[in-house]
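Each remark here refers to the structure printed beneath this line.
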Amino acid sequence: MAFAGSTKPVEPFRPKKRLGQNFLVDRFISDKIISFSGFTHEDTILEIGPGKGALTLPLAGKVKHVVAVEKDGQLVDWLNNRLHQDGFNNVTLLHEDILKVDWQTLKKYFEGRIPVIGNLPYNISSPVLEKMCRHSQWMGQAILMFQKEVADRLTATPGGKTYGALTLLVQYHAEAFSVLKVLKGSFFPVPKVDSMVVSLDFERPYPQRGGHEAVFKKVVKGAFSHRRKTVLNSLKGAFRDQSRESLLSALAACGIDPGKRAEVLHMADFLRLSSLLAIDNGVGR
Ligand code: SAM
């Protein structure tokens with residue numbers, strides 16, 4: 001793990017599109033996000049993508065310790081200088097890629113679950129969520145900013161256009177709700193779309209578990225693979241080794257109309273179905 005503790009002279013900075021560098025430049029919004037998080041002087045917080053410190057600096061003034069993972073070495077130097085100038089010595093900047101970092105090592109900075117904050121680069125929001133879900137037993141409350149369209153999917157309810165596989169896979173692990181809409185003019189460079197801050201509380205997962213998680217994922221992804229098809233036809237594509245009759249009887253046993261589309265089914269429906277299909281596939285509970 002690369003530590004970035006020294007202060008070096010820095011070159012003028014040009015935002016890099018490929019790293020999703022749209023910096024939050026509205027201090028009022030930064031303060032609102034930090035204040036909403038409820039993080040206190042006793043907490044150590046993981047920040048993903050600190051950039052120029054729009055969240056890091058106010059956060060460092062409020063919490064015990066910030067462990068921030070930044071991929072851009074130029075920004076690491078820039079932010080180290082800034083933290084030094086402002087007299088903060090409670091921020092550990094790690095020059096790492098959050099998608100490649102060793103979470104076992106990261107975990108050592110934290111006594112219990114890992115509280116997270118971040119204005120996520122738009123191009124890695126799904127893989128970051130996937131990592132967090134994979135390590136959900138280590139994660140605490142996460143206050144994350146997403147493109148509004150992604151946030152809408154995370155917080156969706158059955159029946160809507162934005163409700164889909166991402167909704168279910170995340171809400172299985174964490175309670176999700178929208179916190180604050182942030183207009184695109186609050187960033188530099190100005191992005192094409194507005195953003196939304198979402199709270200994901202991994203200490204409040206969906207209260208019911210359903211069979212084997214791999215089967216749950218397969219059912220959910222399969223059911224939404226063709227949004228316009230019926231749930232039966234979509235599942236037939238995902239469970240090719242299963243006969244139409246056995247899928248029909250699994251749906252009937254769960255009280256699910258096979259002619260319905262996946263978008264009207266609730267989490268509990270998917271969990272019942274994945275429990276049954278896990279048994280049918282010999283995966284067990
Ligand atoms: N937190 C800052 C703010 O709100 O202004 C910066 C947010 S900017 C949208 C995303 C930040 O994540 C950038 O600093 C970018 O360099 C960094 N970043 C991009 N990809 C990353 C990765 N894979 N791992 C860690 N940081 C990454």
Side-chain angles (χ1 to χ4, degrees), residues 1-4 10-37 39 45-63 66-83 86 88 91-103 105-106 109 114-132 134-135 142-151 179-199:
M1 189 163 283
F3 287 88
V10 287
E11 294 163 13
F13 187 81
R14 281 192 171 183
K16 300 175 185 73
K17 211 172 170 185
R18 72 186 156 81
L19 290 178
Q21 289 177 352
N22 299 95
F23 300 109
L24 184 59
V25 290
D26 183 336
R27 178 66 196 240
F28 175 71
I29 299 284
S30 299
D31 287 344
K32 255 189 140 167
I33 296 171
I34 306 292
S35 137
F36 175 81
S37 74
F39 296 147
I45 311 297
L46 171 66
E47 184 181 1
I48 301 174
K52 291 183 156 193
L55 298 174
T56 327
L57 293 157
L59 191 64
K62 187 155 186 196
V63 302
V66 181
V67 178
V69 177
E70 172 59 59
K71 186 173 176 180
D72 185 340
Q74 198 188 357
L75 274 182
V76 169
D77 291 342
W78 194 100
L79 186 55
N80 255 325
N81 271 307
R82 178 69 199 270
L83 289 163
D86 288 14
F88 286 114
V91 178
T92 303
L93 269 180
L94 303 173
H95 181 200
E96 293 279 348
D97 180 336
I98 193 66
L99 299 178
K100 295 188 182 150
V101 76
D102 175 6
W103 283 74
T105 313
L106 210 50
Y109 288 96
I114 309 176
V116 189
I117 200 162
N119 169 13
L120 292 186
Y122 71 97
N123 50 345
I124 61 163
S125 37
S126 292
V128 167
L129 283 169
E130 205 176 298
K131 289 256 175 229
M132 291 173 71
R134 196 174 313 149
H135 298 295
I143 303 293
L144 299 172
M145 178 132 61
F146 297 93
Q147 287 192 330
K148 187 169 174 306
E149 172 263 320
V150 175
V179 171
L180 177 70
K181 184 174 172 185
V182 184
L183 298 177
K184 55 190 172 185
S186 302
F187 301 90
F188 180 81
V190 179
K192 290 203 175 81
V193 292
D194 295 330
S195 293
M196 178 76 87
V197 180
V198 172
S199 164

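Read the numbers this way: they start at 1 and go in the same order the structure lists the ligands and their atoms.
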Inset, instruction - For D194, check side-chain hydrogen bond (donor to acceptor under 3.5 Å, both in side chains) against everything at least two apart and list the hits. - result: none

Legend entry - Residues, nucleotides or ligands: over 12 heavy atoms within 6.0 Å of K16 NZ: yes

Heavy-atom nearest neighbour in the protein, as seen from [atom], with distance rounded to 0.1 Å:
atom	result
atom 5 (O) of ligand 1	L24 N, 2.8 Å
atom 1 (N) of ligand 1	G49 O, 2.8 Å
atom 23 (N) of ligand 1	D97 OD1, 2.8 Å
atom 20 (N) of ligand 1	P121 CG, 3.6 Å
atom 8 (S) of ligand 1	G20 O, 3.5 Å
atom 17 (C) of ligand 1	E70 OE2, 3.3 Å
atom 10 (C) of ligand 1	N119 O, 3.6 Å
atom 27 (C) of ligand 1	K71 CB, 3.7 Å

Legend entry - Any N/O pair I98/ligand 1 closer than 3.5 Å: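 In this structure, I98 places an N or O atom under 3.5 Å from an N or O of ligand 1.
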
Counting only heavy atoms, which portion of [X] has something under 4.0 Å from ligand 1: side chain, backbone, both, or neither?
X	value
P50	backbone
I124	side chain
L75	side chain

Inset, instruction - Look at ligand 1 and say whether M145 reaches it with a heavy atom at a distance under 4.0 Å. - result: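 No; M145 lies far enough from ligand 1 that no heavy-atom distance drops under 4.0 Å.
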
Just which atoms of ligand 1 are under 4.0 Å from any heavy atom in [X]?
X	result
Q21	13 (C), 15 (C), 16 (O)
V69	25 (C), 26 (N)
E47	1 (N)
E96	24 (N), 25 (C)
N22	8 (S), 9 (C)

Sub-3.5 Å donor-acceptor pair from the side chain of [X] to the main-chain atoms of [Y], do we have one?
X	Y	answer
K131	L99	yes
D86	F88	no
H95	K71	yes

Legend entry - With sequence neighbours excluded, residues passing ring pair (Phe, Tyr, Trp, His ring centres under 6.0 Å) with F23: F13

Is there a side-chain contact between [X] and [Y], using heavy atoms and a 4.5 Å cut-off?
X	Y	result
P58	R27	yes
V182	N119	no
L106	L94	yes
P50	L55	no

Legend entry - Distance, nearest 0.5 Å, that separates CG of L46 from CD1 of I98: 5.5 Å

